[in-house]
Peer 1: 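First the structure, then my questions, so here it is.
In what follows, residues are counted from 1 in the order of the sequence shown. Quantities reported herein were computed from a predicted structural model and do not represent experimental measurements.
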Amino acid sequence: MRTVRVLVLVVMGVSAFCGFAQNGTSGTSAPAGGPVMLNRTKAATAKQEIVPVDKYPFAAIQKALEKGPGGDIESAAASVGLGAKVPPGWEPSRDVVLSETAREAVALSAKLSNEQNNPVPGPDGRVVYTFGVGQPTLVATPLRVSSIELQAGEKILGEPQIGDSMRWVVTPISSGSGDAATPILVVKPKMTGLDTTMIVATDRRTYYLRLVSKPGEYVSRVAFLYPDDQPLQWKLFLEQQEKQHKDRVNSSRISQTGNEAVDKLYFDYTFKVKSGADSIRPMRVLDDGEKTYIEMPSVTAFQELPTLVIEGPEGNEMVNFRVKGTTFVVDRLFVKAALLLGVGKHQEFVEIERKDALTPRAEAK
């Protein structure tokens, strides 16, 4: 906040005529009942006075100064209804006192902004800056367009913030489509001799650039290198390489064990419909030495699932199974089993039997 001191010249003039003399100076008689006295007008005296802060409209004058074309203090004071005179040559303070911490921060910021960031040539006429090393500068000129290209897939989070948004025009466009689209900012100055800064926030980083306009000189395309992304790129590359290696190993295992797995398949099952319809009669039953697969007709997907009962050494037991499409997957082997649907006289019953007995090892599983 600027503090405006106004020294007010207060002209105090006191002229009082308490009476008139009878010596011929005036033809008017003195008032009755009192002495006749003549008080001559005293010379005007000037006195400088500092107006108290709480009685002076500093905020209103400050706004008037900011809006005024020339920063005229007297005009600003008059515009808020104050007719005070300001001493000739007096100017308000337009600076503030910085603390040691603030001065150190300003010096550090200036050092980082002035850090050398040498551009290098890129493809298609791009001038490439290294992101995070000094402050990149875009030189532009009226009647020419300059572009700032960000990283492919990067998303701009909002409108860029420009120190001089009235005399610079920044328009967003993109190149490509989908997640690989490259965001581009088209920059145009309205006149030469401009020098400002711009901040662009994205979902990956924040860009801080300097914009300068010069007559006849400009940079058409600016792009960036991202050294901080190299560790991430190496990580993704190594992960992809490891995945490809695992896929090759798995493919090799499948090719080596494919014939062996086929040889283990057993198809010799019979099944009979004891009662009811054929809606729960399997199409085929097989096992791979560890699990049994009961392939059912397509109508099974639209009706109630049957119950699977397996005949074991200790009697019949109900067994759970998983359904994959129209196939029942049983996590064990059996010699005799039955599919049951419903109860009573309307119950459907299908018996399944394996031709060959199980080996002791298979029964143990």
Peer 1: Heavy-atom distance under 4.5 Å between the side chains of Val200 and Thr206, does that happen here?
Peer 2: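 With C-beta onward as the side chain, the pair stays apart.
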Peer 1: If you take all heavy atoms of Thr326 and Ser298, which pair is closest and at what distance?
Peer 2: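 Smallest interatomic distance, heavy atoms only, reads CG2-CA, 4.1 Å.
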Peer 1: Does any part of the side chain of Val319, heavy atoms only, come nearer than 4.5 Å to the side chain of Val309, both counted from C-beta?
Peer 2: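 No, too far: nothing below the 4.5 Å cut-off.
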Peer 1: Could you work out the complete set of other residues in the hydrophobic cluster of Tyr208, with links drawn between I, L, V, M, F, W and Y side chains under 4.5 Å apart?
Peer 2: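 Its cluster partners, ordered by chain and number, are Ile199.
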Peer 1: Is a donor on one side and an acceptor on the other found under 3.5 Å between the side chain of Ser99 and the backbone of Ala102?
Peer 2: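 Such a contact is found between Ser99 side chain and Ala102 backbone.
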Peer 1: To the nearest 0.5 Å, tell me how far Thr137 OG1 sits from Tyr129 OH.
Peer 2: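 One gets 5.0 Å once the value is rounded to the nearest 0.5 Å.
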Peer 1: Quick check: are there more than 12 heavy atoms from other residues, nucleotides or ligands sitting under 6.0 Å from CG of Leu238?
Peer 2: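 For Leu238, atom CG is crowded (more than 12 foreign heavy atoms under 6.0 Å).
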Peer 1: Can Arg221 and Glu149 be counted as an ion pair, charged N to O under 4.0 angstrom?
Peer 2: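 Result for this pair is yes, salt bridge flagged.
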Peer 1: Can you pull out every ring-ring contact (aromatic ring centres under 6.0 Å, His included) where at least one residue sits in residues 152-193? Sequence neighbours excluded, please.
Peer 2: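 Applying ring-ring contact (aromatic ring centres under 6.0 Å, His included) to every pair that reaches into residues 152-193, excluding sequence neighbours, yields nothing.
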Peer 1: To the closest 0.5 Å, what do you measure between OG (Ser220) and CG (Asp124)?
Peer 2: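 Ser220 OG to Asp124 CG: 10.0 Å, rounded to 0.5 Å.
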Peer 1: If you measure from CZ on Arg281 to CD1 on Ile294, what distance do you get to the nearest 0.5 Å?
Peer 2: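 The CD1 atom of Ile294 is 13.0 Å from CZ of Arg281, to the nearest 0.5 Å.
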Peer 1: What is the distance from atom CG of Leu286 to atom CG of Leu265, rounded to the nearest 0.5 Å?
Peer 2: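 If we round to the nearest 0.5 Å, Leu286:CG and Leu265:CG are 6.5 Å apart.
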Peer 1: If you group Ile, Leu, Val, Met, Phe, Trp and Tyr by side-chain heavy-atom gaps below 4.5 Å, do Val120 and Val222 land in one group?
Peer 2: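 Different clusters: Val120 never reaches Val222 through Ile, Leu, Val, Met, Phe, Trp or Tyr contacts under 4.5 Å.
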Peer 1: Apply ring pair (Phe, Tyr, Trp, His ring centres under 6.0 Å) to Phe334 and list each qualifying residue two or more places apart in sequence or on a separate chain.
Peer 2: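 Listed in chain order: nothing, the list is empty.
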Peer 1: Quick one: side-chain hydrogen bond (donor to acceptor under 3.5 Å, both in side chains) pairs with a partner in residues 306-324, sequence neighbours left out?
Peer 2: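 Listed once each, the pairs are Glu317-Arg332, Arg322-Asp331.
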Peer 1: Only one of Asp268, Thr270, Asp287 forms a side chain to side chain donor-acceptor pair (under 3.5 Å) with Arg354, so which one is it?
Peer 2: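 Result: among Asp268, Thr270, Asp287, Asp287 is the only option passing the side chain to side chain donor-acceptor pair (under 3.5 Å) with Arg354.
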Peer 1: Should we count CZ of Arg144 as having more than 12 external heavy atoms under 6.0 Å?
Peer 2: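 No, because the 6.0 Å sphere around CZ of Arg144 holds 12 heavy atoms or fewer from other groups.
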Peer 1: Do Ser147 and Val187 have side chains that get closer than 4.5 Å, going by heavy atoms?
Peer 2: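 Sidechains of Val187 and Ser147: no contact.
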Peer 1: Give the table of side-chain donor-acceptor pairs shorter than 3.5 Å for residues 209-219, with sequence neighbours excluded, one pair per line with atom names and distance.
Peer 2:
{"from": "Arg210", "atom 1": "NE", "to": "Asp195", "atom 2": "OD1", "distance (Å)": "3.0"}
{"from": "Arg210", "atom 1": "NE", "to": "Asp195", "atom 2": "OD2", "distance (Å)": "3.4"}
{"from": "Arg210", "atom 1": "NH2", "to": "Asp195", "atom 2": "OD2", "distance (Å)": "2.6"}
{"from": "Ser213", "atom 1": "OG", "to": "Met191", "atom 2": "O", "distance (Å)": "2.9"}
{"from": "Ser213", "atom 1": "OG", "to": "Gly193", "atom 2": "N", "distance (Å)": "3.2"}
{"from": "Ser213", "atom 1": "OG", "to": "Leu194", "atom 2": "N", "distance (Å)": "2.8"}

Peer 1: Grouping I, L, V, M, F, W and Y whenever their side-chain heavy atoms are under 4.5 Å apart, do Ile162 and Val145 come out in a common cluster?
Peer 2: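 No; tracing contacts between hydrophobic side chains, which count when under 4.5 Å, never links both residues.
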Peer 1: For Val329 and Phe321: C-alpha separation, side-chain torsions, deciding distance, then whether side-chain contact (heavy atoms from CB on, under 4.5 Å) applies.
Peer 2: CA-CA 5 Å; Val329 181; Phe321 55 85; 5.9 Å; no
Peer 1: Side-chain heavy atoms under 4.5 angstrom apart, residues restricted to Ile, Leu, Val, Met, Phe, Trp, Tyr: same cluster for Ile310 and Leu305?
Peer 2: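 Yes, Ile310 and Leu305 fall within the same hydrophobic cluster.
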Peer 1: Tell me which pairs pass salt bridge (Lys or Arg N to Asp or Glu O under 4.0 Å) where either residue lies in residues 151-176, with sequence neighbours left out.
Peer 2: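 Every pair satisfying salt bridge (Lys or Arg N to Asp or Glu O under 4.0 Å) with a residue in residues 151-176: Glu154-Arg205, Asp164-Arg167.
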Peer 1: Provide the closest heavy-atom pair for Thr202 versus Leu157 in the form atom of the first, atom of the second, distance.
Peer 2: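 Closest heavy-atom pair between Thr202 and Leu157: O-CD1, 3.3 Å.
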Peer 1: Quick one: sort the Phe131 and Phe224 rings into parallel, tilted or perpendicular, breaks at 30° and 60°.
Peer 2: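 Answer is perpendicular, since the angle exceeds 60°.
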Peer 1: Is Val186 reachable from Leu143 through a run of I, L, V, M, F, W or Y residues, each pair having side-chain heavy atoms under 4.5 Å apart?
Peer 2: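 No, it is not one cluster - the side chains of Leu143 and Val186 are not joined through contacts under 4.5 Å.
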Peer 1: Decide whether Ile184 and Ile148 are clustered together by the hydrophobic rule: side chain heavy atoms of Ile, Leu, Val, Met, Phe, Trp, Tyr closer than 4.5 Å, transitively.
Peer 2: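 Unlinked, Ile184 and Ile148 end up in two clusters.
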Peer 1: Taking C-beta and beyond as the side chain, do Leu150 and Pro183 meet within less than 4.5 Å on heavy atoms?
Peer 2: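 The answer is yes, as the side chains (C-beta and beyond) meet within the 4.5 Å cut-off.
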Peer 1: Which heavy atom in Leu339 sits nearest to a heavy atom in Pro282, and how many Å separate them?
Peer 2: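 Taking Leu339 first and Pro282 second, the nearest heavy atoms are CD1-CG, 4.0 Å.
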Peer 1: Do you know the tightest heavy-atom contact between Pro160 and Val170?
Peer 2: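 Heavy-atom minimum between the residues: CG-CG1, 4.3 Å.
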Peer 1: In Å, rounded to the nearest 0.5 Å, how long is the span from CD of Gln151 to CG of Asp203?
Peer 2: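 Output value for this atom pair is 9.5 Å.
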Peer 1: Take atom CG in Asp356; do more than 12 heavy atoms of anything else shown fall under 6.0 Å from it?
Peer 2: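 Result for CG/Asp356: enclosed.
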Peer 1: Please answer whether the main-chain N or O of Val128 pairs with a side-chain N or O of Arg126 as donor and acceptor at a distance below 3.5 Å.
Peer 2: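 Not confirmed, Arg126 side chain does not pair with Val128 backbone.
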Peer 1: Could you point out which residue of Tyr266, Phe267, Phe271 forms a ring-ring contact (aromatic ring centres under 6.0 Å, His included) with Tyr269?
Peer 2: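 Between Tyr269 and the candidates, ring-ring contact (aromatic ring centres under 6.0 Å, His included) is satisfied uniquely by Tyr266.
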Peer 1: I'd like to know if the side chain of Lys272 and the backbone of Glu353 have a donor-acceptor N/O pair within less than 3.5 Å.
Peer 2: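 Not a single qualifying donor-acceptor pair exists.
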Peer 1: When you measure from the side chain of Glu351 to the backbone of Ala338, do you find a donor-acceptor pair of N or O atoms at a distance under 3.5 Å?
Peer 2: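 Side chain of Glu351 to backbone of Ala338, a donor-acceptor pair under 3.5 Å: no, none is there.
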Peer 1: Determine whether more than 12 heavy atoms belonging to other residues, nucleotides or ligands lie under 6.0 Å from atom CD of Glu304.
Peer 2: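 Counting other residues, nucleotides and ligands, CD of Glu304 stays at 12 neighbours or fewer.
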Peer 1: Does Asn117 use its side chain to pair, donor to acceptor, with the backbone of Gln135 at less than 3.5 Å?
Peer 2: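 No, the answer is negative, given that no donor and acceptor are paired below the 3.5 Å cut-off.
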Peer 1: Just checking, is any N or O donor in the side chain of Asp288 or Tyr293 under 3.5 Å from an acceptor N or O on the other one?
Peer 2: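 On atom types as modelled, these side chains qualify, holding a pair under 3.5 Å.
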Peer 1: Do Glu295 and Arg284 sit within salt-bridge range, that is, some charged N less than 4.0 Å from a carboxylate O?
Peer 2: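 Yes, charged N to carboxylate O under 4.0 Å.
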Peer 1: Please give me the minimum heavy-atom distance between Ile280 and Met296, naming the atom from each residue.
Peer 2: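 Closest approach of Ile280 to Met296: O-CE, 3.3 Å.
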Peer 1: Drop me the distance from Thr171's OG1 to Lys188's NZ, to the nearest 0.5 angstrom.
Peer 2: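 Between atom OG1 of Thr171 and atom NZ of Lys188 there are 5.5 Å.
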Peer 1: Quick one: closest heavy-atom pair of Ala180 and Ala152, and the distance?
Peer 2: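 That would be O-CB, 3.8 Å.
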